[in-house]
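To keep things clear, I will list the structure first and then write my remarks on it.
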Amino acid sequence: MMSGDRHGGSTVYENVVAQFDRAAETMGLDPSIRKILATTANEVVVHFPVRLDSGKIEMFTGYRVQHNNALGPYKGGLRYHPAVDIDEVRALATWMTWKSAIVDIPFGGAKGGVQCDPSKYSQAELERLTRRFAFALGSNIGPEYDIPAPDVNTNAQTMAWILDTYLSMMPPQERNRCVHVVTGKPIEAGGSLGREKATGQGIAYCIEQWSKDRSFDLSSATCFVQGFGNVGSWAARLLRPLGVTLVAAEDHTGAVAHPAGIDPDRLAQYVRERGGVAGFPGAKPVDHRGFLSTKADIFVPAALENQITKETAPLLTVRLVAEGANGPTDIEGDRILQERKIDLIPDILCNSGGVIVSYFEWLQNKRSESWDLEEVDAKLRRRILGGYDRVRAAAEEFKTDWRTAAYVVALRRLHTVYTRRGIFP
Ligand code: NAD
């Protein structure tokens with residue numbers, strides 16, 4: 001789904017604006033602060049050439065939008081996808097600001113990406129594309145200024161190329177103090193234990209807490225997951241030890257279902273080997289509507305935006321939607337979930353595990369430390385559940401839905417910072 005497409009609903013950035021307005025009204029946000037936060041700070045668009053394996057040159061367009069840095073350096077992922085455009089990147093950058101504010105980490109919000117279909121390029125072409133993109137961004141990123149991380153169709157390898165390119169542009173004596181220019185790096189190149197699974201781990205911690213709040217027994221629960229990449233596959237794998245059975249999964253190759261249960265570790269292995277969930281033995285193919293109508297307790301959307309809409313929200317029969325993706329629910333979708341009394345753990349809280357452990361990686365790099373996995377997981381759990389508690393309290397205080405409550409938590413924090421610091425000059 002192209003993000004700018006209206007599909008009868010709203011664009012992704014329109015969703016952000018509507019969510020923001022609703023929260024600002026609910027809490028009575030100061031109009032001056034509202035003006036500041038409704039606007040992105042910087043928007044960088046670069047056009048750059050890449051030599052393909054054939055010897056031909058192709059031009060690409062890359063983006064980096066920096067929404068706000070009142071709480072700390074700009075922070076957010078880089079996405080490679082045909083639907084990447086300024087509207088989508090603006091929305092994703094804005095969500096990053098709220099996310100860091102909710103879980104109380106000293107980062108601002110940014111996002112970026114390249115408009116391309118990475119499946120059409122060889123590894124060598126992707127490496128050249130990534131390095132040229134990093135070169136084109138130049139000093140618009142930096143370890144104390146703006147710190148990219150992986151997102152859709154990018155991974156630890158992509159980050160290693162950016163790191164190497166960025167360091168190569170530095171004077172030799174400066175290089176080793178700039179390793180924190182990206183997070184989500186390979187462990188050997190300054191990455192953190194637990195970063196790869198961090199977003200899925202955070203989702204599992206949130207769902208566990210939700211089950212306690214609702215006195216809902218997870219040990220016989222079922223879930224289905226849309227997107228079986230980093231976030232979706234790790235969420236399914238980490239929910240399993242809590243007793244949650246995966247009964248269906250969908251990705252860009254199709255959807256598969258098996259009411260008795262799909263082994264998420266085997267499915268992840270299959271996706272690594274075959275590139276998608278389609279054809280997974282031991283599960284039956286289902287169409288998109290059939291997938292969304294899956295009988296289960298929990299739905300984890302972990303693919304792209306605008307998946308739960310006026311058309312699809314009525315199909316869901318679950319008790320909980322735990323948003324792994326950014327912006328999977330549009331405004332109408334939200335309204336229908338509320339009407340149908342389906343609980344929601346909103347993206348800006350639910351998928352914040354990634355940025356939390358990115359923060360830990362950044363800290364470890366700055367201090368030349370490496371933390372063990374138990375330490376990373378324990379700190380992640382404390383941080384994300386701290387955010388969860390604040391959102392629950394705001395939902396009770398304002399008698400509002402959880403998405404609006406999550407915004408209220410973020411906006412309050414930013415409001416306090418602006419009030420204390422004042423506006424220059
Ligand atoms: P990924 O590239 O690893 O996986 C994306 C998945 O989505 C793939 O399984 C792909 O097949 C699937 N997909 C693509 N188009 C689809 C379609 N039309 N229908 C169904 N499935 C489709 O990306 P990821 O890092 O797992 O990111 C997934 C979502 O989570 C994105 O919204 C991203 O912004 C968000 N997110 C990621 C992180 C992170 O740490 N990687 C953190 C927070 C939020």
Side-chain angles (χ1 to χ4, degrees), residues 1-3 5 7 12 75-84 88-89 91-93 95-96 98-100 103 109 111-113 117-119 148-159 182-185 191-192 194-203 206 224-237 248-256 264 267-268 270-272 274-278 280 286-289 291-292 299-308 312 322-329 346-359 361 380 384:
M1 176 72 65
M2 294 288 287
S3 69
D5 277 358
H7 66 89
V12 207
K75 183 87 190 80
L78 291 176
R79 176 178 291 199
Y80 290 177
H81 195 275
V84 167
E88 181 182 73
V89 179
L92 291 162
W95 279 318
M96 287 307 297
W98 314 145
K99 216 178 278 188
S100 293
V103 291
K111 202 81 176 197
D117 178 354
S119 68
D151 193 74
V152 174
N153 292 330
T154 59
N155 53 28
Q157 179 60 72
T158 323
M159 295 306 116
V182 283
T183 58
K185 298 180 289 286
S192 175
R195 172 60 185 92
E196 198 203 312
K197 71 174 173 102
T199 307
Q201 185 68 73
I203 294 170
C206 284
F224 64 109
V225 177
Q226 184 191 45
F228 217 73
N230 173 292
V231 177
S233 67
W234 276 112
R237 293 167 74 182
E250 182 185 60
D251 69 5
H252 70 287
T253 64
V256 294
L267 183 58
Y270 181 85
V271 169
R272 269 196 296 278
R274 306 288 183 95
V277 302
F280 179 66
V286 279
D287 65 16
H288 183 56
R289 285 182 74 83
F291 169 74
L292 289 172
F299 175 40
V300 181
L304 299 172
E305 300 92 25
N306 280 343
Q307 298 299 306
I308 304 175
T312 57
E323 293 183 331
N326 287 304
T329 311
D347 47 7
I348 48 176
L349 166 66
C350 195
N351 70 29
S352 64
V355 73
I356 293 173
V357 178
S358 273
Y359 168 53
E361 178 176 333
L380 163 61
I384 200 165

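Counting starts at 1 for both ligands and their atoms, in listed order. FYI, the numbering just counts along the sequence from 1.
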Q) Is any side-chain N of the basic residue among E88 and R79 closer than 4.0 Å to the acidic one's carboxylate O? A) yes
**Q.** Contact check: F228 vs ligand 1, nitrogen or oxygen atoms, below 3.5 angstrom
**A.** yes
Q. Looking at ligand 1, does any of its N/O atoms fall within less than 3.5 Å of an N/O of N351?
A. no
(Q) Using a 4.0 Å cut-off to any heavy atom of L304, which atoms of ligand 1 qualify? (A) 15 (N)
Q) Short N/O distance, under 3.5 Å, between D151 and ligand 1? A) yes
Q | For R79, the ligand 1 atoms whose distance to one of its heavy atoms is below 4.0 Å | A | 31 (C), 32 (O), 33 (C), 34 (O)
(Q) So for ligand 1, is N326 a polar contact partner (N or O within less than 3.5 Å, distance only)? (A) yes
Q. Heavy atoms, side chains only, cut-off 4.5 Å: are V231 and I203 in contact?
A. yes
(Q) Below a 4.0 angstrom heavy-atom separation, can you tell me which part of A302, side chain or backbone, both or neither, approaches ligand 1? (A) backbone
Q: Indicate yes or no: at least one non-hydrogen side-chain atom of P150 is less than 4.5 angstrom from one of L78.
A: no
Q. Is there at least one pair of N or O atoms, one from V231 and one from ligand 1, spaced under 3.5 Å apart?
A. yes
Q: Could you tell me whether the side chain of S358 reaches within less than 4.5 Å of the side chain of K75, counting heavy atoms only?
A: yes
Q.
Closer than 3.5 angstrom, by distance alone: can the side chain of T253 be matched with the main-chain N or O of A278 as a donor-acceptor pair?
A. yes
**Q.** Residue N153 vicinity, atoms of ligand 1 by number, heavy atom under 4.0 Å
**A.** 2 (O)
Q. For the residue pair F280 and Y270, does the interplanar ring angle fall in the parallel (under 30°), tilted (30 to 60°) or perpendicular (over 60°) class?
A. perpendicular
**Q.** Under 3.5 Å: donor-acceptor pair, side chain of E323, backbone of D347
**A.** yes
(Q) Within the structure provided, determine whether V277 and V271 are in side-chain contact (heavy-atom separation under 4.5 Å). (A) yes
Q) Of all the atoms in ligand 1, which lie at a distance below 4.0 Å from a heavy atom belonging to G227? A) 6 (C), 7 (O), 9 (O), 12 (C)
Q: Using distance alone, decide if ligand 1 has a nitrogen or oxygen within less than 3.5 Å of any nitrogen or oxygen in N230.
A: yes
Q: Using a strict cut-off of 4.0 Å, indicate which atoms of ligand 1 neighbour a heavy atom of R195.
A: 40 (O)
